[in-house]
Trainee: 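Structure incoming, see below.
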Amino acid sequence: MKQDVVKLNMIEKELLRRKQDNLSNYNKPPLVHEKQMLFHKCLKKNRWVFGGNRSGKTECGAVETVWLSLGIHPYRENKKNISCWVVSLSRQVQRDVAQAKILYYLRSDLIEDIVMTSGRSDSAQSGIIDFIIVKNALGGTSKIGFKSCDQGREKFQGSSLDFVWFDEEPPKDIYDECRMRVLDKCGHIFGTMTPLKGLTWVYNQIYLNEFNDQEVWYQQMEWSDNPYLNKKELALMTSSLSEEELESRRYGKFIQSCGMVYSEFDENVNVIEPFNVPLDWQCNISIDPGLNNFTSVHWYCVDFDGNVYVVAEHYERGKPVEHHANRIIEISNRLNWHRGYNGMLEALIDPAANQRTLAGIKSVAELFYDNGILVNTKVNKDVFTGINRVKSYLKNSEGNSKLFIFKNCVNMIREIKGYFWGNEDCPIKKDDHAMDELRYFIMSRPDNIKKTEKTELQKHKEKLIKRLKNNINLPF
C-alpha cells in the first residue's frame with residue numbers, strides 16, 4: 001500500500017514536470033533584459049522598479065503578474081487558486097497600460113472568464129476590466145482583479161490577496177491598505193514606477209528604506225538598459241529634455257529642486273558586497289557623537305592604491321557614551337582591529353566633543369577615553385572643502401571611484417542618497433551624521449597634504465632601488 005502511494009506521488013510529480021516543461025507554449029514569452037530578470041529573481045516581499053519611461057519597468061509588473069497567476073513562475077514557489085490585484089492610478093491608465101500588457105501575455109484559451117466594469121468582454125482591450133479568471137498550471141484557477149487609486153482607500157478593504165502590483169506610485173493610504181490585504185496569506189507586493197512626484201513616501205520608505213526593512217528591495221532602470229529601444233530616437237529625446245527631466249524620465253531617479261550633494265554616488269559602483277579585508281588595510285575609525293541625535297561610527301580601510309573601504313558601522317541614538325564605546329569595542333574585536341597607544345582603540349571625532357557642558361563634569365572626548373577609546377578631535381570640519389574631497393573619491397577626474405561602502409553599512413548608504421543641497425551652497429542639516437564623520441576621515445587622508453619636493457636622500461634612494469631592479473652592479 002505504501003509503495004503504491006509513493007508511486008502515485010512520483011507519477012503526479014512527473015506529470016507536473018512535463019506540464020511545466022511546456023510553459024513556452026503556455027503563454028507568450030516576454031522580451032526581457034538583464035535588469036528585468038533581477039527583479040523576477042528577487043524573492044523579497046516588497047520589490048520595486050524605479051525606471052525611466054520606456055525602460056521596461058511596466059513589462060516587469062505584467063510578466064510577474066501573469067507568471068504568478070498561471071502558476072508558472074520560474075523562480076518563486078508556484079501556487080494554485082491565486083488572488084491578486086493590479087492597481088493603476090486611474091481606470092483610463094489601467095486600460096491603456098497595465099490591462100493591455102496583461103492581455104498581451106495571456107493566451108485566449110487560458111482565460112476562463114472576463115468580467116467588465118464597462119465595455120464588452122469579447123472586446124476587453126477597449127473596455128475597463130473588473131477581473132479576469134485564468135487557468136492555473138497546478139490545476140486551479142486564479143483571479144486577477146483591477147483597481148484604480150481614484151476609487152479611494154475604502155474600495156481597497158476586505159479582500160485577502162496573494163500579491164498586489166502597483167503600476168506607478170500609489171497614495172500612501174492605499175499602499176498601507178494593500179499591505180494589509182496580503183498579510184494573512186503571507187503574500188507580497190511589488191511596484192513599477194517613474195519617480196516624477198519628487199521626494200514622496202516611496203523615496204523615504206522604499207528608496208532610503210528608513211526603517212531598514214529587510215524585505216524591501218529596489219532596482220533602477222534607464223533607457224540604455226532596454227536593448228529594444230531605437231538608439232537614434234533615444235539620442236533625439238535626450239537632446240530635447242532638461243537635465244532635471246532626464247534624471248527622472250531617463251534614469252528613473254528621484255529628484256529635488258536643489259539636487260543631491262553627492263550626485264556622483266552610484267549604488268551599483270560605490271556599494272559592494274562585504275569581503276575579508278586584509279588586516280594591513282585597516283586605517284581609522286570615525287565618530288560623529290550624539291545623544292538625542294544619532295551617534296554614527298564607521299570603520300575605514302585603505303588599500304595600497306589609496307582606495308577607501310567603509311567596512312562596518314554603528315548607528316544608534318539615545319544611549320550614553322559608555323554604551324557606544326562598548327559597541328565600538330565589540331565591533332572592533334570582531335574585525336580584529338588594530339590598537340594604538342597603550343593598547344587603546346583610536347578614532348577621529350567631531351571637535352565639539354572637547355566641549356564641556358554644565359550638565360557634565362567631563363567632555364565627550366574624555367568620556368570616550370575613560371571607556372577605552374582614544375579620540376582625536378583635531379579634524380578638518382571645513383564642509384565645502386570636505387564635500388569636494390568626498391566627491392573626488394566617489395568619482396575622480398578620470399571617472400573612476402576610490403570610495404566603496406560595504407552593503408551592510410545601510411545607514412551611511414541611506415544618508416548619502418538623502419543628502420541634498422539647501423540654500424547658499426550648504427547641505428540641508430538633516431540626517432547627516434554619517435556624512436559628517438565620512439568627511440572627517442576623507443579630510444584626514446595624506447593626499448590632503450600638499451606634495452613637497454623630494455629630498456636629495458630620497459632621490460638617491462630611488463636611484464639605488466631602480467638600479468637594483470635593473471640588475472646593475474652597485475659600487476659596494
Trainee: Rounded to the nearest 0.5 Å, what separation is found between the CZ atom of R389 and the CZ atom of R445?
Mentor: 8.5 Å
Trainee: Donor-acceptor pair, N78 side chain versus H73 backbone, under 3.5 Å?
Mentor: yes
Trainee: Side-chain contact test, heavy atoms from C-beta onward, threshold under 4.5 Å: evaluate it for C409 versus H298 and give yes or no.
Mentor: yes
Trainee: Can a donor-acceptor pair be found, under 3.5 Å and without considering hydrogens, that links the side chain of E313 to the backbone of N411?
Mentor: yes
Trainee: Which class fits the ring pair Y309 and F406: parallel under 30°, tilted 30 to 60°, perpendicular over 60°?
Mentor: perpendicular
Trainee: Quiz question: by atom type and distance under 3.5 Å, do the side chains of D167 and W165 form a donor-acceptor pair?
Mentor: no
Trainee: Of all heavy-atom pairs between K391 and W421, which one has the smallest distance, and what is that distance?
Mentor: CE-CZ2, 4.5 Å
Trainee: Check whether any side-chain heavy atom of V375 sits under 4.5 Å from a side-chain heavy atom of Y369, and report yes or no.
Mentor: no
Trainee: Counting only heavy atoms not in K395, do more than 12 fall under 6.0 Å of its NZ?
Mentor: no
Trainee: Closest heavy-atom contact between E264 and L394?
Mentor: CB-CB, 4.0 Å
Trainee: Report yes if some heavy atom in the side chain of V379 is under 4.5 Å from a heavy atom in the side chain of M443; otherwise report no.
Mentor: no
Trainee: Sub-3.5 Å donor-acceptor pair from the side chain of S286 to the main-chain atoms of E437, do we have one?
Mentor: yes
Trainee: Looking at D305, is its backbone amide N or carbonyl O close enough to the side chain of D303 to form a donor-acceptor pair, meaning the two atoms are under 3.5 Å apart?
Mentor: yes
Trainee: State whether the side chain of D350 and the backbone N or O of A352 hold a donor-acceptor pair below 3.5 Å, judged by distance alone.
Mentor: yes
Trainee: Using the ring of W217 (Phe, Tyr or Trp, six-membered ring only), decide whether K44 places NZ or CZ under 6.0 Å from its centre and within 45 degrees of its axis.
Mentor: no
Trainee: Does some side-chain heavy atom of R181 sit less than 4.5 Å from a side-chain heavy atom of E177?
Mentor: yes
Trainee: Got a sec, which residues hit ring pair (Phe, Tyr, Trp, His ring centres under 6.0 Å) with F39, two or more places apart in sequence or on another chain?
Mentor: F190
Trainee: Atom CG of D162 and atom NZ of K79: how far apart are they, to the nearest 0.5 Å?
Mentor: 6.0 Å
Trainee: For the backbone of L89 and the side chain of S148, can you confirm whether one donor and one acceptor N or O come within less than 3.5 Å of each other?
Mentor: no
Trainee: Do T194 and K57 have side-chain N/O donor and acceptor atoms under 3.5 Å apart?
Mentor: yes
Trainee: Which pair of heavy atoms, one from R179 and one from I189, lies closest together, and at what distance?
Mentor: CG-CD1, 3.8 Å
Trainee: Working to the nearest 0.5 angstrom, can you tell me the gap between T192 OG1 and R47 CZ?
Mentor: 11.0 Å
Trainee: Got a second to check how far L335's CG is from E330's CD, nearest 0.5 Å?
Mentor: 12.0 Å
Trainee: Can you confirm whether P289 sits close enough to H324 that some side-chain heavy atom of one is under 4.5 Å from a side-chain heavy atom of the other?
Mentor: no
Trainee: With distance as the sole test, does R317 use its side chain to make a donor-acceptor pair with the main-chain N or O of N293 at under 3.5 Å?
Mentor: no
Trainee: Minimum heavy-atom separation for P170 and Y175, please, with both atom names.
Mentor: CG-CB, 4.1 Å
Trainee: List the steps and the verdict of side-chain contact (heavy atoms from CB on, under 4.5 Å) for W281 and V302.
Mentor: CA-CA 5 Å; W281 289 13; V302 181; over 6 Å; no
Trainee: Is the side chain of K417 donor-acceptor paired with the backbone N or O of F265 at a distance under 3.5 Å, no angle test?
Mentor: no
Trainee: Quick one: closest heavy-atom pair of L68 and R76, and the distance?
Mentor: CD2-CD, 4.1 Å
Trainee: Do E168 and V93 make a side-chain contact, defined as non-hydrogen atoms from C-beta onward lying under 4.5 Å apart?
Mentor: no
Trainee: Once you round to the nearest 0.5 Å, how far does CD1 of I373 lie from CD1 of I329?
Mentor: 5.0 Å
Trainee: Which value, rounded to the nearest 0.5 Å, describes the distance between H314 atom NE2 and S332 atom OG?
Mentor: 11.0 Å
Trainee: Can you check side-chain contact (heavy atoms from CB on, under 4.5 Å) on N209 and V410, steps first, answer last?
Mentor: CA-CA 9 Å; N209 194 8; V410 295; over 6 Å; no
Trainee: Can you name the nearest heavy-atom pair linking F156 to C178, along with the distance?
Mentor: CD2-SG, 3.7 Å
Trainee: Side chains of L438 and L403: closer than 4.5 Å at any heavy-atom pair?
Mentor: yes
Trainee: Quick one: are S444 and L348 in side-chain contact, heavy atoms under 4.5 Å?
Mentor: yes
Trainee: Counting neighbours of NZ on K381 that are heavy atoms of other residues, nucleotides or ligands and sit closer than 6.0 Å, is the number greater than 12?
Mentor: yes
Trainee: Anything under 30° is parallel, anything over 60° is perpendicular, the rest tilted; go ahead and classify W299 against W337.
Mentor: perpendicular
Trainee: Under 30°, 30 to 60°, or over 60°: which ring-plane class applies to H433 and F294, parallel, tilted or perpendicular?
Mentor: tilted
Trainee: Please confirm whether the backbone N or O of S55 pairs with a side-chain atom of E222, one donor and one acceptor, at under 3.5 Å?
Mentor: no
Trainee: Taking atom types as modelled, is there a side-chain donor on H338 or E346 under 3.5 Å from an acceptor on the other?
Mentor: no
Trainee: I'd like to know whether CD of E77 has more than 12 heavy-atom contacts from other residues, nucleotides or ligands below 6.0 angstrom.
Mentor: no
Trainee: Kindly indicate, with the supporting measurements, whether the criterion side-chain contact (heavy atoms from CB on, under 4.5 Å) is fulfilled by I387 and V261.
Mentor: CA-CA 8 Å; I387 286 174; V261 173; 3.7 Å; yes
Trainee: So L161 and C84, side-chain contact (heavy atoms from CB on, under 4.5 Å) or not? Walk me through it.
Mentor: CA-CA 5 Å; L161 304 170; C84 67; 5.6 Å; no
Trainee: Could you tell me whether K155 atom NZ has more than 12 heavy atoms of other residues or ligands within 6.0 Å of it?
Mentor: no
Trainee: Would you tell me whether Y105 and E59 have side-chain atoms, one donor and one acceptor, within less than 3.5 Å of each other?
Mentor: yes
Trainee: Taking the side chain from Q94 and the backbone from S88, do they hold a donor-acceptor pair closer than 3.5 Å?
Mentor: no
Trainee: Testing the 3.5 Å rule here: is there a donor-acceptor pair between the side chains of R95 and Q92?
Mentor: no
Trainee: Could you check whether atom CD of Q151 has more than 12 heavy atoms from other residues, nucleotides or ligands sitting under 6.0 Å from it?
Mentor: yes
Trainee: Around E267, counting heavy atoms of other residues, nucleotides and ligands shown, do more than 12 lie under 6.0 Å from its CD?
Mentor: yes
